[in-house]
Amino acid sequence: MAETNVIAKHRLEFRVILLALGAVQLFDGLYALLAPRSFYTAFPAGRGWVEALPAYNEHLVRDVGGLFIGTAVVLIAAGIYLERRLVAVTLVSWLCFAVPHFVYHLLNLSPYGTGDVIGNVVTLAFTVLTPVWLLWLMARDSAPGSAVRAAADPQGATNARIAGVPETTRDPLVRAAYRSSRKRTGEVMDPLRVFAHHRKLMMGYGALETAAESSDLVPGRLKHLAELRAGMLAGCEWCLDFGSSVSADAGVTEADHRELPLYATSGHFTEEERLVLDYATSMSRTPVDVSDELFARLRERFDEAQLVELTTLIALENFRARFNWAMGIESQGFAEGSYCVRPEGGETTTAAQSAG
């Protein structure tokens, strides 16, 4: 198994911490830049923490405000884009400020009362410990022995039947596609490495994936459940590995993953969700077996555009599965450390059949 992309796996934690630090820095920076005397005497919230450690210098306070705003821009950008190198550089540069700041306050607590001492220590410890924790996650993720295939083997997807295009390629279109993949997931996705042998198909397939991903007429949870179900039936290990890792952002929980093979008889899913899962099951059979009755029930809940979107996502997952299966592309490790939906073989039963 390849390493899990830690930023993709802990996307929420990275984004919340980076954006929270950035928002505080932006507020404090604007405060210091625009109202330096008030910042000196009243920050935070009238407590006078800065004034307790004199003396006042307007020039210095305004400069600090500008620097705070600069760090806020970098923190917020890292929180939005979540690109590995940007996140790492941002966290390290932040700690270059936060650690000395924390140490100085620890050594100069005598002017404060008990409540302010606690406030100083707790808030400033947060600004140090949370970035250190994120860096530790990233370091552990890339430590020797963690099977970092994307970095250790830049020559291509080693588990495919044909080697992928190396990351050292000079082809500008392939390099741009690889950068986009790394920006989104932290590494180059194995199917893309293989698609890169045929630039025209790679660009056309990429456009279809982009259009499908940006379509939002159908709730994301329904679409992710449908894609996972299709991937199960097609037996695509890579699809289920990647799908299991990203579906949490759409509200698909580990409990959903565990119940998915039993959806037809499980009370875990809503009626609408079971209907969509029936559709994914029927579409993923060979041959396809979507009855008029099933489609009529779908039309009662979804309009034409939504049906096109839902059908496209299920068909696209079947395309991914069959391409990956034929090319021998296996799990890439996106869901490593968490529950991953497993392929399902044999006869399948829909919720409608179970009810009958």
Side-chain angles (χ1 to χ4, degrees), residues 9 212-213 215-325 330-332 334-356:
K9 184 178 178 181
E213 185 176 351
S215 299
D216 57 3
L217 299 180
V218 179
R221 174 178 165 82
L222 289 178
K223 291 191 292 186
H224 276 279
L225 287 173
E227 287 180 290
L228 286 169
R229 181 61 181 162
M232 289 173 60
L233 297 177
C236 177
E237 290 186 5
W238 191 95
C239 304
L240 295 173
D241 171 36
F242 183 74
S244 295
S245 71
V246 300
S247 59
D249 287 344
V252 180
T253 66
E254 182 175 317
D256 295 324
H257 292 163
R258 294 182 182 278
E259 288 290 321
L260 202 53
L262 307 173
Y263 88 91
T265 56
S266 171
H268 183 79
F269 300 100
T270 67
E271 181 182 350
E272 184 175 65
E273 289 166 353
R274 287 197 298 274
L275 177 61
V276 168
L277 289 167
D278 273 356
Y279 191 39
T281 299
S282 298
M283 275 189 65
S284 302
R285 285 173 169 159
T286 302
V288 173
D289 183 23
V290 179
S291 68
D292 290 340
E293 187 273 333
L294 172 59
F295 202 81
R297 288 195 292 124
L298 286 163
R299 294 209 61 173
E300 293 174 0
R301 292 179 177 270
F302 303 101
D303 62 26
E304 285 83 356
Q306 289 176 313
L307 285 170
V308 169
E309 181 176 317
L310 183 59
T311 304
T312 298
L313 264 294
I314 297 171
L316 183 56
E317 184 70 0
N318 275 274
F319 172 82
R320 297 174 189 134
R322 282 155 175 75
F323 181 90
N324 294 341
W325 183 273
E330 300 171 355
S331 170
Q332 197 170 341
F334 288 104
E336 189 171 321
S338 59
Y339 185 81
C340 181
V341 178
R342 303 300 180 193
E344 178 178 305
E347 293 296 320
T348 58
T349 304
T350 65
Q353 290 171 330
S354 296

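Note: hydrogens, waters and symmetry copies are ignored here, and every other heavy atom, side chains too, is used.
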Could you walk me through whether S282 and D289 pass the side-chain hydrogen bond (donor to acceptor under 3.5 Å, both in side chains) test, one step at a time?
CA-CA 5 Å; S282 298; D289 183 23; 5.8 Å; no
Under 3.5 Å donor-acceptor, [X] side chain and [Y] backbone:
| X | Y | answer |
| --- | --- | --- |
| K223 | A250 | no |
| S245 | F242 | yes |
| E309 | V218 | yes |

[Y] and [X], any side-chain heavy atoms less than 4.5 Å apart:
| X | Y | answer |
| --- | --- | --- |
| V246 | F334 | no |
| E272 | F302 | yes |
| T311 | V308 | no |
| V290 | M283 | yes |

Before accepting this row, confirm whether a basic side-chain N of the pair R229/E317 lies closer than 4.0 Å to the acidic partner's carboxylate O.
no
Looking only at side chains, do [X] and [Y] share a donor and an acceptor under 3.5 Å apart?
| X | Y | value |
| --- | --- | --- |
| W238 | Q332 | yes |
| E259 | S266 | yes |
| T281 | D278 | no |

Kindly indicate, with the supporting measurements, whether the criterion salt bridge (charged side-chain N to carboxylate O under 4.0 Å, His left out) is fulfilled by E271 and R301.
CA-CA 11 Å; E271 181 182 350; R301 292 179 177 270; 3.5 Å; yes
Checking E227 against R320 for the side-chain contact (heavy atoms from CB on, under 4.5 Å) test, could you report, in this order, the C-alpha distance in whole Å, the side-chain angles of both residues, the deciding distance, and whether it holds?
CA-CA 10 Å; E227 287 180 290; R320 297 174 189 134; 2.8 Å; yes
